[in-house]
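One structure is given below, encoded as structure tokens.
We count ligands from 1, going down the list as the structure has it; atoms in each ligand are counted the same way.
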Amino acid sequence: MIRSILIHPDPRLKKACDAVTELTEEVTRLAADMLETMYAAPGIGLAAPQVAVMKRLLVMDCIKDGPPEPMVLINPQTVWASEDVTTYEEGCLSIPDQYAEVKRPSAVTVRWTDLAGESRERTFEGLWATCVQHEMDHLEGKLFIDYLGPLKRQMITRKMEKLKRERARAL
Ligand code: K1U
Ligand code: ZN
């Protein structure tokens with residue numbers, strides 16, 4: 001099932017999420033719905049708070065050409081981050097059609113629990129590294145616009161407020 005994606009500004013996008021404590025059918029369903037929602041958007045990642053679920057779960061697939069590689073990360077934690085940084089022009093499904101350059105560590109090692117309850121660890125590089133950090137920020141209530149200066153952030157927020165008003169009027 002495709003879930004609706006919250007649009008900034010929304011207080012739920014500014015809150016830190018709670019740990020997933022039990023791997024229930026609800027969690028399995030959430031992960032499947034989030035992957036479906038991400039592919040339909042289309043996007044390369046999605047975090048649970050973006051679909052109004054305040055849990056530490058994210059999905060991603062940064063494969064552009066070739067067979068899909070869907071990933072589900074539950075309670076992800078950064079265990080290492082490179083000193084060198086990469087700049088990438090990021091977007092966000094909760095901030096449609098707005099893009100800005102953000103600097104982040106070029107590589108990160110992340111530990112998480114998979115849907116089978118197994119602990120997993122992987123070092124992400126390139127777009128995967130950018131995406132996993134963007135999604136993990138969502139779990140802390142942080143958006144990519146929080147890395148920008150106040151003027152640029154305010155300009156984007158005003159555009160999103162206008163978009164939300166227009167969408168509400170069209171209902
Ligand atoms: O978290 C999100 O809102 C998803 C976001 C992830 C992301 C994008 C860019 C850098 C870091 C993280 C998106 O997927 S925005 C859409 C997007 O990037 C895309 C859409 C279609 C094809 C390729 C990329
Ligand atoms: Zn985002």
Side-chain angles (χ1 to χ4, degrees), residues 1-18 20 27 30-78 81-82 84-110 112 122-149 152-161 163-164 167:
M1 183 184 79
I2 292 178
R3 303 200 186 196
S4 56
I5 297 175
L6 296 179
I7 301 297
H8 166 73
D10 186 296
R12 290 165 287 187
L13 293 172
K14 300 302 295 172
K15 276 179 67 178
C17 294
D18 301 318
V20 174
V27 172
L30 172 65
D33 286 354
M34 284 174 57
L35 281 167
E36 194 180 343
T37 305
M38 177 191 81
Y39 286 123
I44 55 172
L46 192 67
Q50 293 181 277
V51 293
V53 178
M54 304 310 291
K55 293 285 176 196
R56 302 185 78 82
L57 188 152
L58 66 88
V59 299
M60 57 179 185
D61 184 351
C62 296
I63 300 290
K64 284 178 180 160
D65 301 307
E69 205 182 298
M71 296 196 70
V72 177
L73 280 67
I74 298 167
N75 299 331
Q77 282 180 298
T78 305
S82 65
D84 57 312
V85 294
T86 301
T87 303
Y88 190 85
E89 189 168 59
E90 297 191 14
C92 181
L93 296 174
S94 295
I95 311 177
D97 303 320
Q98 304 300 317
Y99 303 89
E101 288 192 342
V102 177
K103 271 195 191 125
R104 300 185 188 270
S106 308
V108 282
T109 303
V110 177
W112 72 94
R122 176 168 153 182
T123 299
F124 294 98
E125 292 174 345
L127 183 54
W128 286 95
T130 299
C131 188
V132 76
Q133 291 175 80
H134 175 115
E135 302 309 332
M136 286 175 73
D137 272 355
H138 274 300
L139 305 183
E140 300 300 334
K142 190 164 183 175
L143 300 172
F144 81 89
I145 56 169
D146 295 328
Y147 293 95
L148 310 179
K152 209 163 180 189
R153 188 165 59 240
Q154 201 174 62
M155 196 184 73
I156 291 176
T157 299
R158 291 206 173 123
K159 281 188 187 164
M160 292 301 104
E161 284 166 341
L163 176 74
K164 286 176 83 171
R167 284 190 180 182

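Here the heavy atom of the protein found nearest to atom 20 (C) of ligand 1 is Pro42 O, 3.3 Å. Among protein heavy atoms, atom 10 (C) of ligand 1 sits closest to Glu90 CG, 3.7 Å. Ranking protein heavy atoms by distance to atom 4 (C) of ligand 1, first place goes to Gly45 O, 3.0 Å. Glu135 OE2, 2.6 Å is the protein heavy atom nearest to atom 1 (O) of ligand 1. The protein heavy-atom contact nearest to atom 24 (C) of ligand 1 is Ile44 CG2, 3.8 Å. Among all non-hydrogen protein atoms, the one lying nearest atom 3 (O) of ligand 1 is Leu93 N, 2.7 Å. Scanning the protein heavy atoms around atom 5 (C) of ligand 1, the nearest turns out to be Gly91 O, 3.8 Å.
Note on ring orientation: taking the six-membered ring where Trp is involved, the planes of Phe124 and Trp128 are parallel (angle under 30°, cut-offs 30° and 60°).
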Practice prompt. Assess whether salt bridge (charged side-chain N to carboxylate O under 4.0 Å, His left out) is satisfied between Glu140 and Arg56, documenting all intermediate values.
Written response: CA-CA 9 Å; Glu140 300 300 334; Arg56 302 185 78 82; 2.4 Å; yes
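Looking at Leu58 and His138, their side chains never come closer than 4.5 Å, going by heavy atoms from C-beta outward. The shortest side-chain heavy-atom distance between Lys14 and Asp146 falls under the 4.5 Å cut-off.
Contact annotation: His138 has at least one heavy atom less than 4.0 Å from an atom of ligand 1.
For the pair Lys152 and Tyr147, the cation-pi criterion (under 6.0 Å, within 45° of the ring axis) is not fulfilled.
For the pair NE2 of His138 and SG of Cys92, the angle at the Zn ion (ligand 2) is about 110°; rounding is to 10 degrees.
By the definition of a contact as any protein heavy atom under 4.0 Å away, atom 22 (C) of ligand 1 is not in contact.
Annotation: the span from Lys142 atom NZ to Leu13 atom CG amounts to 15.0 Å, rounded to 0.5 Å. Taking CG of Asp97 as the start and CG of Leu163 as the end, the distance is 8.0 Å to the nearest 0.5 Å.
Atom CZ of Arg158 has 12 or fewer neighbouring heavy atoms from other residues, nucleotides or ligands inside a 6.0 Å radius.
Closest to the Zn ion (ligand 2) among the N, O or S atoms of His134 is NE2.
Each of the following atoms of ligand 1 lies closer than 4.0 Å to a heavy atom of Cys92: 3 (O), 15 (S). With ligand atoms numbered from 1 in the order given, ligand 1 contributes 1 (O), 2 (C), 3 (O) to contacts under 4.0 Å with heavy atoms of Gln50.
In this model, no donor atom of one side chain and acceptor atom of the other lie less than 3.5 Å apart for Thr87 and Glu101.
Inclusion of His134 in the set of residues having an N or O under 3.5 Å from an N or O of ligand 1 is warranted.
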